Protein chains: 2
Amino acid sequence: MKTADPELMRAINRFHVMDAIRRAGPIARVEICDLTQLSATTVSAITAALLEDGLVVPRALGGLRDPAPDLARGRPRVLLELNPQAAFVVGVKLTPDHITVSTTDFCANTCASLTLPIRISRQPVSVIADLVEDGVQRCVADAGIGMERVAGLCVGLPGRIERMTGLCQSSPIFGETNVPFAAAVQQRLGVPTVIESDVNLVTMAESWFGEARGIEDFLVVSLEHALGLGIMYRGELFRGANGLAPDLGGLLLGSHAIRLGAVASEAAILAQAQAVLNGSGHGASFRAGRGMAAVVAAAQAGNPRIIAILREAGEALGMALANLVALFAPRLVVLAGEAIGTGGVLLDALREAVTASLPPSHSPMPDLAVHRWSEDSWARGAAALTLRDLYGAPWNTTGPARPR
Amino acid sequence: MKTADPELMRAINRFHVMDAIRRAGPIARVEICDLTQLSATTVSAITAALLEDGLVVPRALGGLRDPAPDLARGRPRVLLELNPQAAFVVGVKLTPDHITVSTTDFCANTCASLTLPIRISRQPVSVIADLVEDGVQRCVADAGIGMERVAGLCVGLPGRIERMTGLCQSSPIFGETNVPFAAAVQQRLGVPTVIESDVNLVTMAESWFGEARGIEDFLVVSLEHALGLGIMYRGELFRGANGLAPDLGGLLLGSHAIRLGAVASEAAILAQAQAVLNGSGHGASFRAGRGMAAVVAAAQAGNPRIIAILREAGEALGMALANLVALFAPRLVVLAGEAIGTGGVLLDALREAVTASLPPSHSPMPDLAVHRWSEDSWARGAAALTLRDLYGAPWNTTGPARPR
DNA sequence: AGAATTTCTTCGCGTCACAAAAAAAGAGCG
DNA sequence: CGCTCTTTTTTTGTGACGCGAAGAAATTCT
């Protein structure tokens, strides 16, 4: 915690006002007072400043006059909302086989988005950075704005990402380690760039737009190519003391020194399933990157060995999740991934394992929500993260390890 | 985060000043400026208020004049320190077979302390509360003060403790569940009372006085009667969203649905060891509660089955710890407990397991410190927790689940 | 004794939040 | 159409705070 001065005071309160406006859509000053517990005077002053800066606009008063019985009298409220044009941010998501880019406005509405289905893994870093540069240039142009209006850029990718330094310690995307990817992109595009663990992006997206809206503590588990875990703890993204996002795949399962990623990641499931399905005509699917669909289909068809594989993965995942739930006591766990999204064996096994594995005293059991994310929900998460910094949350700037 | 007003501003800065004085012992105002980055004016004003309230006293200037070459000139510094007499707090620790009570002054120095070797487990709650009342009365009298000078009381006990509500959801100490123990004690003694998980007490003690002084992120593992885990995360005690301290014993080990507490707690070790050592003349030790000493002795004597038991416990603990280290990335792990404190097999196995189980990319490996706690370090932790609230850390009052 | 030096306090200013009062912008009604 | 009534928003005045600059205090050095 920093020392306090009037400036910090104002920053805190301005953030609260911004946050209230963002969350409560078009909103009158009076309601902001209610929401933030600030006095009318203060709200008036802060909103005046925000209006002046163009971050907020009064909603066109056309045809409101909400005839709620006792609200129709008196001076009409002026509804305020974020000015979508105030700034634009770009979110980029890298996976081993494609790049998704999305440009959003200040309200985190998608203006333009594109996907490049390019197998980038193990390409040289400079090539990947070039591809990102091109994608962003194009996507920004598609959005009909110029690069100079882009206030920030956030790249999400799997692996160990040091947000603070912009270093990618390791990632399935890069052959090398300790890649200063944020710097590489920033240099190319001249836009403030941040890199972030991909799951944190979607965690933020869930928090702002998804199932977890308004929930302060929840977990997100993604069973994508790799296993991902995002933790929202007291309204903040949880990072270890080193500023790194948690790594679900690296967790140990038992006394056998097996890591969860070796059992329950999509890669692990596919590897096992491939052995089973070999020669049964699914080879093409696997090669085309649709292996998971084939696996799910085989399970639905009743293939017992595939079912066993999925069940084992679900159990392992459920067990690990139970430990995390016991630690963090989230109100909600959001799950996604092809093998989960379609329901079925894996999800059932997971549910059972979590239920059975939670310490009996643990209550209440968190909700388990399955949420299929569209490609651009990642990008919206990136937007959210960037916007959050633009608003300037004064205490922890989504913060990693604090300096001092 | 609350909304900010001048009052909060002052509270924050006053806390910083108090904290600086506490940490840096007798300290001059100028140094407080350096430490807190506050202006001389502000420090002067705040310290003046603290002096007026009697929370801080100027150190008797007798015989200082630290002749550091360039410090000997000019107006001499007035060193300030916490006024030990400003308040007193009482810490109580309950274990299944004894009660420890300790009275400390405002500097967290122990004034008096006593231990009642009474087997209290499964006694009715009212009896235990009575015993605590008597112990506190006596201990406060021993300290030479009156009850009215006691500003707070903190009871530490194992189990699931809801600090916020003062409810003890479950504990090996009580037969019942959901015991409103804080209220019971407070009613008897008329002193603001808080209950807390015992490990959190010692975690706080480590943070203020022990190995972990000045470290913002560390873990504490206690292998006492039960397994305990305390987590300091970014300078705050980590609690799940429900406000409960983490529970190491409840963590699952592997796909076998075995909980760590069933393998690596002192109770589990003793149970297994008893079967091995049965009839070898250790019966008396076990009955006298010195079982662990006997086990350690047997291991040192080379008993292979005992060694195997300890090794297994150490490995299991190490594995679980590795997961926690991967999550929280602490700089330090403090271990204690009879079986650990004496070094030997268990500790070796634990060390190896942690080292081997950490994801290879995890760096740096945290220090593993073994720290044998005296009985009253628990009580000092209780004092620290209470004092922290007295100082009034304004943002998170050691805080559990936030209202809203 | 006076100069130099370092520490601490006082003074004046700008910023902030806030309560009270005033102004604004309609709706209802005769 | 003018008047009152109601609710929202802005303006005004007050008190608290932190801060830089200047001043007062308490020493040592010369």
Side-chain angles (χ1 to χ4, degrees), chain A residues 1-17 20-21 26-52 56 58-59 61-80 394, chain B residues 1-17 20-21 26-52 56 58-59 61-80 394:
Chain A
M1 191 56 169
K2 287 180 23 182
T3 61
D5 57 19
E7 202 176 321
L8 176 71
M9 200 161 86
R10 188 50 166 266
I12 290 174
N13 289 338
R14 183 169 52 214
F15 177 76
H16 278 124
V17 170
I21 297 176
I27 183 181
R29 291 174 174 78
V30 214
E31 295 180 70
I32 298 179
C33 296
D34 289 353
L35 246 51
T36 60
Q37 309 282 15
L38 290 166
S39 75
T41 312
T42 304
V43 170
S44 188
I46 291 177
T47 53
L50 293 176
L51 282 165
E52 174 137 2
V56 157
R59 180 161 189 103
L61 302 95
L64 43 105
R65 192 84 309 238
D66 221 334
D70 276 5
L71 274 164
R73 245 204 281 267
R75 173 172 175 175
R77 304 173 164 193
V78 179
L79 300 184
L80 302 174
Chain B
M1 191 55 167
K2 286 181 21 183
T3 62
D5 56 18
E7 204 175 319
L8 176 71
M9 201 160 84
R10 189 50 167 266
I12 290 174
N13 289 338
R14 183 170 52 216
F15 177 77
H16 278 123
V17 171
I21 297 176
I27 182 181
R29 290 174 174 79
V30 213
E31 295 180 70
I32 299 179
C33 296
D34 288 353
L35 247 51
T36 60
Q37 308 282 17
L38 290 166
S39 75
T41 311
T42 304
V43 169
S44 189
I46 290 177
T47 53
L50 293 177
L51 283 164
E52 175 138 358
V56 156
R59 179 157 188 110
L61 304 95
L64 43 108
R65 195 82 309 238
D66 221 334
D70 275 5
L71 274 164
R73 244 204 284 263
R75 176 173 173 175
R77 304 174 163 194
V78 179
L79 301 185
L80 302 175

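It should be emphasised that the depicted structure is a prediction, and the values quoted were computed from it without experimental measurement. What's counted below: heavy atoms across the whole structure, side chains too, no hydrogens, waters or symmetry copies. In what follows, chains are A, B, ... by sequence order, proteins preceding strands, each numbered from 1.
Counting only residues at least two apart or on different chains, the side-chain hydrogen bond (donor to acceptor under 3.5 Å, both in side chains) pairs with a member in residues 43-52 of chain A are A:R29-A:T47. For residues 30-40 of chain A, the set of pairs meeting the salt bridge (charged side-chain N to carboxylate O under 4.0 Å, His left out) definition, not counting sequence neighbours, comprises A:E31-A:R77.
Considering only side-chain N and O atoms, A:S44 lies nowhere under 4.0 angstrom from the phosphate OP1 or OP2 of D:dT9. Within the structure, every side-chain polar atom (N or O) of A:R77 is placed at least 4.0 Å from both OP1 and OP2 of C:dA25. The side chain of B:S39 places an N or O atom within less than 4.0 Å of a non-bridging phosphate oxygen (OP1 or OP2) of D:dC19.
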Short heteroatom pairs, N/O only, protein and nucleotides 22-24 of chain C, under 3.5 Å:
none

Scan nucleotides 13-16 of chain C against the protein and return all N/O pairs shorter than 3.5 Å with their distances rounded to 0.1 Å.
from: C:dC16; atom 1: O5'; to: A:R10; atom 2: NH1; distance (Å): 3.4

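The distance between atom NE2 of B:H16 and atom P of D:dG18, rounded to the nearest whole Å, is 12 Å. Between the CG atom of B:L38 and the C1' atom of C:dC8 there is a distance of 16 Å, rounded to whole Å. One can place CG of B:L80 at 12 Å from C1' of C:dT7, the figure rounded to the nearest angstrom. If you take CD1 of A:I12 and P of D:dC17, they are 16 Å apart, rounded to a whole angstrom. In this structure, CD1 of A:I46 is placed 15 Å from P of D:dT9, rounded to the nearest angstrom. Separating the CG atom of A:L79 from the P atom of D:dT7 is a distance of 17 Å, rounded to the nearest angstrom. Counting to the nearest Å, the P atom of C:dC8 and the CG atom of B:D34 are 11 Å from each other. A:K2 places its NZ atom 19 Å from the P atom of D:dC17, with the value rounded to the nearest Å.
Listed here is the closest heavy atom pair of A:T36 and A:A20: CG2-CB, 4.1 Å. Between B:C33 and B:A40, the shortest heavy-atom contact is SG-CA, 3.6 Å.
Of the candidate nucleotides D:dT9, C:dC18, D:dG20, D:dG20 has the atom nearest to the side chain of B:T41. Of the candidates C:dC8, D:dT8, C:dA19, C:dC8 carries the atom nearest the B:R29 side chain, counting heavy atoms from C-beta on.
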Between B:I27 and B:I32, does a side-chain contact (heavy atoms from CB on, under 4.5 Å) hold up when you go through it step by step?
CA-CA 7 Å; B:I27 182 181; B:I32 299 179; 3.7 Å; yes
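A donor-acceptor pair is defined here as one N or O able to donate and one able to accept, closer than 3.5 Å; no such pair exists between the side chain of A:N13 and the backbone of B:T3.
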N/O donor to acceptor pairs below 3.5 angstrom from side-chain atoms of residues 5-12 of chain B, sequence neighbours left out:
from: B:D5; atom 1: OD1; to: B:E7; atom 2: N; distance (Å): 3.3
from: B:D5; atom 1: OD1; to: B:L8; atom 2: N; distance (Å): 2.8

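Counting heavy atoms from C-beta outward, A:L50 and A:I46 have side chains that approach closer than 4.5 Å.
For A:S39, the side chain to side chain donor-acceptor pair (under 3.5 Å) criterion is met by A:T42, not counting sequence neighbours.
Between the side chain of A:T3 and the base of D:dG18 there is no donor-acceptor pair of N/O atoms closer than 3.5 Å.
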